[in-house]
Amino acid sequence: MAVFNPFVPSYKSNPYRQYSRLRADDPVHRSQALGAWVLTRYADCLAVLRDQAAFSSDARNARGPVADAIDEQRRGSPLGRTPTVLTSDPPDHTRLRGIVTRAFTPRRVAELRPHIEEIARDLLADAPAGEFELMAGLAQPLPVIVIAELLGVPSEDRARFKEWSNAIAATTNVVTREDEALAARQATEQLVEYFGRVVSQRRREPREDLISALVTAEEDGQRLSEREVLAFAILLLVAGNETTTNLIGNGTLALLEQPEQAQRLRDDPSRLAGGIEEMLRYDSPVQGVVRFATRDVEVGGRLVSKGDIVLAMLGAANRDPEQFPEPDTLDVAREDVRHLSFGMGIHFCLGAPLARLEAQVAFGVLLERFPHLQLGEGGRERGGTFLLRGPSRLSLAGGQDRDALD
Ligand code: HEM
């Protein structure tokens with residue numbers, strides 16, 4: 001009988017072996033341990049993501065013990081059950097998403113490139129010619145600084161943002177321990193207080209930033225409630241951080257394992273944008289998304305009952321041989337990489353253009369500063385949670401002095 005066991009340490013180091021076995025033996029798997037359906041085929045994941053009417057993002061549609069636990073957690077949260085884009089269905093979702101969509105269009109985001117390059121170069125400016133710890137040195141601070149600036153809060157507060165956002169991200173694990181749930185609740189309380197102050201200031205004096213846009217937004221004559229503004233600001237801070245950090249970390253790990261691919265990117269920088277899509281496919285920062293069945297519905301030949309929890313494993317879909325030939329090989333020149341790492345359908349990642357740009361900038365400077373990119377003596381360590389995958393430490397060597405480049 002097929003099993004799915006994300007509790008074993010080998011899952012953290014390499015979940016793809018388990019996905020591959022499951023996809024072959026039981027692609028629409030009912031996991032007793034998780035109390036959820038686990039989907040590992042590309043076609044099934046795509047079908048679920050595209051059908052928001054049958055597969056809701058709102059946990060109030062869930063039934064059973066896991067659903068009760070989710071509800072309990074939400075009730076204990078300072079923002080209660082305030083909907084966000086991520087956790088709502090239309091019409092709430094449409095209203096909320098409409099408000100900030102304009103801030104994240106590819107064109108608006110492209111205007112940020114020179115500034116993001118400046119931030120990345122500044123971060124690398126102090127990097128020693130010898131060993132460089134990528135996660136603390138670049139992958140973590142870059143997205144935090146960028147989103148803080150977009151929101152309009154001082155990026156000097158980034159150590160606190162990182163702490164808060166880590167505490168909240170920890171709740172994306174298979175099981176959330178009591179102490180982790182408490183830490184996440186406290187982090188949310190502190191974020192509510194922090195953003196609460198900023199929101200009052202912007203109400204008095206709006207500026208050209210995202211928080212002002214949230215405060216002054218009118219969609220169909222309806223303003224966002226105070227709680228919705230706070231929940232949105234917190235979501236933007238958290239959603240864009242861990243994920244982009246993990247893309248930079250996972251992509252670099254993949255290039256370390258296959259240095260010839262790094263060389264191909266150096267030889268032809270026009271491949272970089274496509275190469276980043278392949279990195280996203282190869283080792284997805286978000287391994288899975290959760291949905292709740294709103295009615296009895298068939299998935300890949302199995303009957304999913306109303307209220308069931310469905311996990312669409314994006315990391316597994318991205319390695320489905322039916323969709324991607326030789327899925328376990330990183331090929332930066334792969335064409336038509338239609339990965340699911342940013343999701344699909346109405347919840348498709350709002351920050352995708354920004355994440356792509358940050359990754360292009362990060363890999364651009366990295367490949368330039370590290371002509372002989374290799375693993376440093378400090379080594380590497382896998383971090384992340386069940387749903388978020390990325391290294392916690394990644395030491396690099398093979399760099400060149402900045403002076404040698406100037
Ligand atoms: C490599 C980096 C990123 C990855 C892999 C990623 C992944 C995802 C995925 C898979 C979803 C869909 C969730 C679902 O369907 O339930 C999503 C949604 C979302 N992402 Fe990202 N994300 C990244 C970066 C960002 C950034 C930089 C921001 C914002 C600054 C952001 C903001 C959001 C928001 C607001 C949503 C919810 C959209 C909706 O539900 O309509 N993300 N992201």
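Just so you know, these numbers use all the heavy atoms, side chains as well, and skip hydrogens, waters and symmetry mates. Both counts, for ligands and for their atoms, begin at 1 and track the order of listing.
A ring-centre distance under 6.0 Å is found for Tyr11 and Phe4. Phe386 and Phe7 have their aromatic ring centers separated by at least 6.0 angstrom.
Nearest non-hydrogen protein atom to atom 16 (O) of ligand 1 is Arg291 NH1, 2.9 Å.
At a 3.5 angstrom cut-off on N or O pairs, Ser341 does not count as close to ligand 1.
Of the candidates Phe342, Phe232, Phe55, Phe348, the one placing a heavy atom closest to atom 4 (C) of ligand 1 is Phe342. Nearest to atom 23 (C) of ligand 1 by heavy-atom distance, out of Thr243, Leu357, Val109, is Thr243. In this comparison of Ser57, Gly240, Cys349, Ala355, the heavy atom closest to atom 42 (N) of ligand 1 sits on Cys349. For atom 28 (C) of ligand 1, the nearest non-hydrogen atom from the set Gly351, Ala352, Gly251, Pro143 belongs to Gly351.
Ser57 places a side-chain heavy atom less than 4.5 Å from the side chain of Asp89.
Contact annotation: for Val289 versus ligand 1, heavy atoms closer than 4.0 Å belong to the side chain alone. If you look at Asn246 next to ligand 1, there are no close heavy atoms at all, none under 4.0 Å. With a heavy-atom cut-off of 4.0 Å, Gln52 does not touch ligand 1 at all.
Cation-pi contact between Arg160 and Tyr194: absent, since separation from the ring centre below 6.0 Å together with deviation from the ring axis within 45° is not met.
For ligand 1, the atoms sitting less than 4.0 Å from at least one non-hydrogen atom of Phe104 are 30 (C), numbered in the order shown with element in parentheses. Atom numbering of ligand 1 starts at 1 in the shown order; those under 4.0 Å from a heavy atom of Ile147 are 30 (C). Shown in contact with Gly343 at under 4.0 Å from a heavy atom are these atoms of ligand 1, numbered in order with element: 10 (C).
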